[in-house]
Amino acid sequence: MLTAIHNCVAANQAFTDVFMRQYRLSRDEPPDVEGWTKDSLNGWWLTHCPKLACRPLKDSKGKALGWLLGIAVDGAERVIGSKPHKLKSALADADFWDKAEQHIADLSGSYAAILLSPAGARMYFDPVMNLPAVFHAKTRVVGSSPLMTLSRPLRRNYRINHDRIITEGGNYGMGLTCDPEVMRGMSNHYLDLDTFTLHRHWPQPDDTFTLPDSAVDETAAFIVDRLGKITGALLKSYECAVPLSGGADSRTLAYSAKAHIKKAKLLYAHRTNKMTGIDCYIADQLARDLGFDLHLVDARLAMRAGNINKADLDRLRWAFFQKTGYMRPPLDQELVAKHITPRVELVLRGNILDMTRANQWPPSLDFSLPHAVSKLRIGGRPMEQNTFYWGAEYCNWLETVPQPAKERLYEFAFLELLLPQTLGARLLAHGHATYLNPCNDRQLIKACMSISPRARSSGQLNAALHRIAKAPEIGFTSDMKNDPSLGRKIKEMFATLA
């Protein structure tokens, strides 16, 4: 954390602005930061930005256990508020850890649960690590991003060169970060805070992940119902914005929650290039159908008008590096679009619903190690070398996956190896709101992957989702991108912003 503070002081930037919504858990007392919250329990210290929600965790008898960070929705689709949250078991119970683990696994949202008991200390994460966590085992520190764990200068990780990631693209992978001593947590695992090792807790060995294709409609109805209730609970409890596009996922999210969508502060879309202009055109039609005037965010106009200059872009890029631990920033237009998006508490996104299209599977639907490794898009060296360099570690991870889950191996790699390195870790950089995926729920994740990859890749599950959610028959970006008349219509739509 001292490294993060030092870097901000050296760059004349406010630490509290750059590291908004971040946290640090440690054995040593953290430095005082004006405005930040600091608390201690059982020899551990937690400090966090006040914009990151935190409430005490207690056992069923009211004994202090730790903290629940972030935003969580319980198994009955109710948002967990700011009051202390009680588990359903007592520390003295013989099956305390089993019951506590199940209780936490049933939560959805963007959260981390820290349990500090005399019998052991653990940290559990949300299903895809939407709220990120990295850890430094030598100093016994956990943080939301690499620089939050360090009190020394960053050391170069020679296994995965961050300079090449910044200049050429690609992700960090296999739990690695920009510093060789800082590792990233893994979805479906808890971090043992006594040994600083990761241990799998989901799925259970007897879980199953396959349903017949005849169950597509029944599964889609379950997804629409539960996704709608979770989204509705979030819309009711927070000031929310919902981005729309010309793709399938935002449509599934918005129409699953159609009964609650009026509680959103705004629906919006942003234009950064030609294709996102088409997204905006389709989003406008969807927003009107849902009873909203679409809020348009035009990054290109903001840059042309001089609202964002080179110095602003340099600051945004610098802040992105610091917040994420030297990940490659998005293109300038995308960085600007996130920066000028209206300020709200939550932005509700349709990520993770990619699984409804079996987007991780090859056309053959067979297992292929080169394909599996390529989906992780690990940077730092030429991509064609990745199977040779990372293949053995992928196979080591594969051995930890319970047998029934291997039927959906690509999805588990998506959840455990890819999304923790990309989704929450990158979205943390956009401090104007918490980016949250209502589909970040193990019941929904299991339902999505239970339909066969063939049925999903052919569009059967998405078609059922949109039919059951009563989404209008408005085309998708992929259908409209070659329509020659769209350019004029999009130009007219954005003319009011100029």
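In this chain, residues are counted from 1 in sequence order. These figures come from a predicted structure and were not determined experimentally.
- Side-chain contact between Pro31 and Ile5 is present, with heavy atoms from C-beta onward closer than 4.5 Å.
- Annotation: cation-pi pair Arg122/Trp97 present, NZ/CZ under 6.0 Å from the ring centroid and within 45° of its normal.
- Within 6.0 Å of NZ in Lys38 there are more than 12 heavy atoms belonging to other residues, nucleotides or ligands.
- Between Trp361 and Tyr410, the ring planes are perpendicular. Angles over 60° get that label, and only those under 30° would be called parallel.
- Rounded to the nearest 0.5 angstrom, Glu345 CD and Ser237 OG are separated by 9.5 Å.
- For Trp397 and Tyr394, the ring centers sit closer than 6.0 Å to each other.
- Side-chain atoms of Phe125 and Asn188, non-hydrogen and from C-beta on, never get closer than 4.5 Å to each other.
- No salt bridge links Arg140 with Asp28; every basic N to acidic carboxylate O contact stays at or beyond 4.0 Å.
- With ring centers used as reference points, Trp202 lies 6.0 Å or more from Tyr190.
- Aromatic ring pairs are classed by plane angle as parallel below 30°, tilted from 30° to 60° and perpendicular above 60°; the pair Trp36 and Phe15 is tilted.
- The environment of CD in Glu29 is crowded: more than 12 heavy-atom neighbours from other residues, nucleotides or ligands sit within 6.0 Å.
- Contact check on Asp179 versus Arg156 returns no salt bridge, with no Lys/Arg side-chain nitrogen under 4.0 Å from an Asp/Glu carboxylate oxygen.
- Within the 4.5 Å cutoff, the side chain of Arg349 has heavy atoms near those of the Tyr435 side chain.
- Between Lys86 and Asp59 no salt bridge is recorded (no basic side-chain N to carboxylate O distance below 4.0 Å).
- By the 4.0 Å N-to-carboxylate-O rule, Glu168 lies too far from Arg381 to be salt-bridged with it.
- Gln22 and Ser144 share a donor-acceptor pair across their side chains, judged by distance under 3.5 Å alone.
- In terms of modelled atom types and a separation under 3.5 Å, the side chain of Asp126 and the main chain of Tyr111 share a donor-acceptor contact.
- Between His48 and Tyr23, the ring center distance fails the sub-6.0 Å criterion.
- Relative to the ring axis of Tyr172, Arg184 does not place its NZ or CZ within 45° and under 6.0 Å from the centre.
- Checked for salt-bridge contact, Lys446 and Glu411 miss the test: no charged N lies under 4.0 Å from a carboxylate O.
- Counting only heavy atoms from C-beta outward, the side chains of Val142 and Leu191 approach each other to under 4.5 Å.
- The side-chain heavy atoms of Leu176 and Arg159, taken from C-beta on, include a pair separated by under 4.5 Å.
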